[in-house]
Amino acid sequence: MKILQKIGRFDSISPRQRKKFIWKVCALTKFEDRPFEIDFFGLNYKGHTKNLIDRYVFFLGAYEKGMLEFIRETLEQSKDKVFIDIGANVGHHALFASKYAKQVYAFEPYEKVRLALDEKVAINKLKNVKVIPFALGAKDEELSFYEPADFNTGTGSFLKDFKPTNQDKGLKLIVKNGAPLFEELGITTASLVKLDTEGFEASVLKGLMPFLEKTKPIIIMEYSSESERLFKDSPEVRDFMERTYNMWMFNNPNKLNYQLRPWAFDKYGDTVLLPR
């Protein structure tokens with residue numbers, strides 16, 4: 001496995017090629033899932049190779065290295081250095097951002113992955129990371145959550161048909177209107193907001209509109225065909241984004257030397273919204 005880890009860290013080789021080779025070797029050798037602890041940019045990352053993001057960390061050093069580099073650059077250049085992670089999953093991005101942010105707010109309503117996030121905060125004794133166990137949306141409500149059934153634990157969604165393999169096990173999660181909750185938590189500014197909520201992005205942004213109009217943070221957002229459907233029902237959010245931000249997207253967020261290209265609502269991928 002050490003040989004595969006060395007190969008995985010050859011950033012001169014495309015991340016797609018490295019991943020394909022390593023995943024294939026693991027399948028051929030019947031690599032068993034295992035818990036691990038590993039250095040992660042000077043922090044302790046505790047994970048399990050059965051989880052997709054953790055597997056990236058174990059073999060390739062990190063997940064979405066290009067996006068992490070963008071996060072680092074943004075926070076280092078920011079005055080307030082506040083990072084808000086909405087849909088924090090197992091805490092990979094929040095853990096990385098804790099090195100460069102004065103304060104990290106990590107929102108994760110799904111307990112099965114939030115426990116891994118809590119553990120990372122605890123074992124690294126992070127004082128600048130606050131974990132909030134709620135989802136964000138356009139209003140306060142309780143919604144059915146369709147749980148992931150495979151090793152990609154980040155695909156759970158409030159949208160029934162977001163991923164065919166997601167399962168309805170009767171789980172309901174609390175959703176909070178974002179702007180009032182931010183006031184309650186004392187969140188008055190943000191340098192960078194990362195938004196990855198599996199198709200629910202438009203609802204999150206709608207609830208955060210008063211905060212976003214006032215603070216105009218940089219936003220990183222996953223945008224999929226499912227995201228597009230909700231944005232079509234939220235023209236006020238689309239209008240706000242188009243008049244307030246220059247809209248870009250990552251060519252490949254896993255590539256260390258990332259590049260951005262113009263983005264519009266008919267393209268799917270990881271987007272970057274930079275205030276005009």
Side-chain angles (χ1 to χ4, degrees), residues 71 74-75 78-89 91 93-94 97-98 101-111 113-114 117-118 121 126-146 154 156-159 162 171-223 226-227 229-245 271 273-276:
I71 291 171
T74 300
L75 290 174
S78 167
K79 177 182 177 181
D80 297 319
K81 301 185 186 304
V82 176
F83 179 70
I84 299 177
D85 192 353
I86 304 171
N89 199 350
H93 291 68
S98 72
K102 290 181 181 178
Q103 183 65 52
V104 174
Y105 296 97
F107 292 83
E108 179 49 61
Y110 185 40
E111 185 179 29
V113 296
R114 190 177 66 246
L117 165 58
D118 288 334
V121 173
L126 299 176
K127 303 299 183 182
N128 65 334
V129 178
K130 182 176 180 62
V131 180
I132 301 98
F134 300 126
L136 298 184
K139 59 183 179 180
D140 291 350
E141 57 185 333
E142 190 175 74
L143 293 178
S144 295
F145 184 79
Y146 301 92
S157 177
F158 291 114
L159 306 183
F162 178 80
L171 178 63
K172 291 184 179 293
L173 297 179
I174 296 174
V175 178
K176 293 281 191 177
N177 188 343
L181 180 60
F182 276 23
E183 287 188 17
E184 181 182 331
L185 294 171
I187 304 174
T188 59
T189 187
S191 308
L192 177 60
V193 174
K194 170 189 157 284
L195 177 56
D196 187 353
T197 53
E198 308 307 297
F200 205 60
E201 290 78 18
S203 293
V204 176
L205 291 172
K206 188 173 183 178
L208 286 174
M209 284 282 285
F211 175 83
L212 298 175
E213 288 176 336
K214 182 178 180 180
T215 60
K216 297 178 176 61
I218 294 173
I219 299 173
I220 299 174
M221 180 183 71
E222 183 184 70
Y223 184 80
E226 291 77 12
S227 306
R229 291 186 326 194
L230 288 188
F231 271 102
K232 287 181 178 179
D233 295 330
S234 304
E236 71 279 21
V237 177
R238 286 182 58 136
D239 176 68
F240 166 74
M241 292 168 65
E242 290 176 327
R243 62 182 163 80
T244 309
Y245 288 94
T271 66
L273 307 180
L274 300 176
R276 293 184 184 276

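The basis for the numbers below is simple: all heavy atoms, side chains too, and nothing from hydrogens, waters or symmetry mates. All residue numbers in this chain count up from 1 along the given sequence.
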(message) Leu205 vs Met241, test: side-chain contact (heavy atoms from CB on, under 4.5 Å). Steps then yes/no.
(response) CA-CA 10 Å; Leu205 291 172; Met241 292 168 65; 3.9 Å; yes
(request) Output all residues satisfying side chain to side chain contact (heavy atoms under 4.5 Å, CB included) with Asn128, sequence neighbours left out; order by chain, then residue number. (result) Ser98, Leu126
(request) Any side-chain hydrogen bond (donor to acceptor under 3.5 Å, both in side chains) involving residues 211-221? Give me the pairs, sequence neighbours left out, ordered by first then second residue. (result) none
(message) Quick check for you: to the nearest 0.5 Å, what is the distance between Leu136 atom CG and Phe107 atom CZ?
(response) 5.0 Å
(message) Once ring-ring contact (aromatic ring centres under 6.0 Å, His included) is applied, do any residues pair with Phe162, and if so which ones, sequence neighbours excluded?
(response) none
(message) I need the minimum non-hydrogen distance between Lys102 and Lys79, along with the two atoms involved.
(response) NZ-O, 3.8 Å
(message) Checking Thr244 against Leu212 for the side-chain contact (heavy atoms from CB on, under 4.5 Å) test, could you report, in this order, the C-alpha distance in whole Å, the side-chain angles of both residues, the deciding distance, and whether it holds?
(response) CA-CA 10 Å; Thr244 309; Leu212 298 175; over 6 Å; no
For residues 185-192, please give each side-chain donor-acceptor pair under 3.5 Å, one per line with the distance, not counting sequence neighbours.
from   : atom 1 : to    : atom 2 : distance (Å)
Thr189 : OG1    : Asp80 : OD2    : 3.2
Ser191 : OG     : Ser78 : OG     : 2.5
Ser191 : OG     : Lys81 : N      : 2.9
Ser191 : OG     : Val82 : N      : 3.0

(message) What's the separation between atom CD1 in Ile220 and atom OG1 in Thr74, rounded to the nearest 0.5 Å?
(response) 6.5 Å
(request) Please name the pair of heavy atoms, one in Glu226 and one in Leu159, separated by the smallest distance, quoted to 0.1 Å. (result) CB-CD1, 4.0 Å
(request) Give me the ring orientation class for Phe145 and Tyr110: parallel if the planes are under 30° apart, tilted from 30 to 60°, perpendicular past 60°. (result) tilted
(message) Quick check for you: to the nearest 0.5 Å, what is the distance between Ile71 atom CD1 and Phe83 atom CZ?
(response) 4.0 Å
(message) So does Asn177 get a backbone contact from the side chain of Asp140, meaning a donor-acceptor N/O pair under 3.5 Å?
(response) yes
(message) More than 12 heavy atoms of other residues, nucleotides or ligands under 6.0 Å from CD of Glu111: yes or no?
(response) no
(request) Hey, could you give me the CD1/CD1 distance between Ile219 and Ile86, rounded to the nearest 0.5 Å? (result) 8.5 Å
(request) Work out which heavy atom in Pro217 is nearest to a heavy atom in Val193; give both atom names and the distance. (result) CG-CG2, 3.9 Å
(request) Could you list the residues that satisfy side chain to side chain donor-acceptor pair (under 3.5 Å) with Glu222, not counting sequence neighbours? (result) none
(message) I'd like to know if the side chain of Arg276 reaches the main chain of Glu242, judged simply by a donor and an acceptor atom lying under 3.5 Å from each other, with no hydrogens or angles considered.
(response) yes
(message) So which atom in Asn89 and which in Gly154 form the shortest heavy-atom distance, rounded to 0.1 Å?
(response) ND2-CA, 3.3 Å
(message) Measuring from atom CG of Asp233 to atom CD of Glu236, what distance do you get when rounded to the nearest 0.5 angstrom?
(response) 9.5 Å
(request) Work out which heavy atom in Ala88 is nearest to a heavy atom in Leu117; give both atom names and the distance. (result) CB-CD2, 4.0 Å
(request) Of all the heavy-atom pairs spanning Phe231 and Arg238, show the shortest one and how long it is. (result) O-CD, 3.4 Å
(request) Any chance you could measure Thr271, atom OG1, to Tyr245, atom OH, to the nearest 0.5 Å? (result) 11.0 Å
N/O donor-acceptor pairs under 3.5 Å from side chains in residues 196-203, not counting sequence neighbours:
from   : atom 1 : to     : atom 2 : distance (Å)
Thr197 : OG1    : Glu201 : N      : 3.2
Thr197 : OG1    : Glu201 : OE2    : 3.4
Glu201 : OE1    : Gly199 : N      : 3.1
Glu201 : OE1    : Ser227 : OG     : 2.7
Glu201 : OE2    : Thr197 : N      : 3.0
Glu201 : OE2    : Glu198 : N      : 3.2
Glu201 : OE2    : Gly199 : N      : 3.3

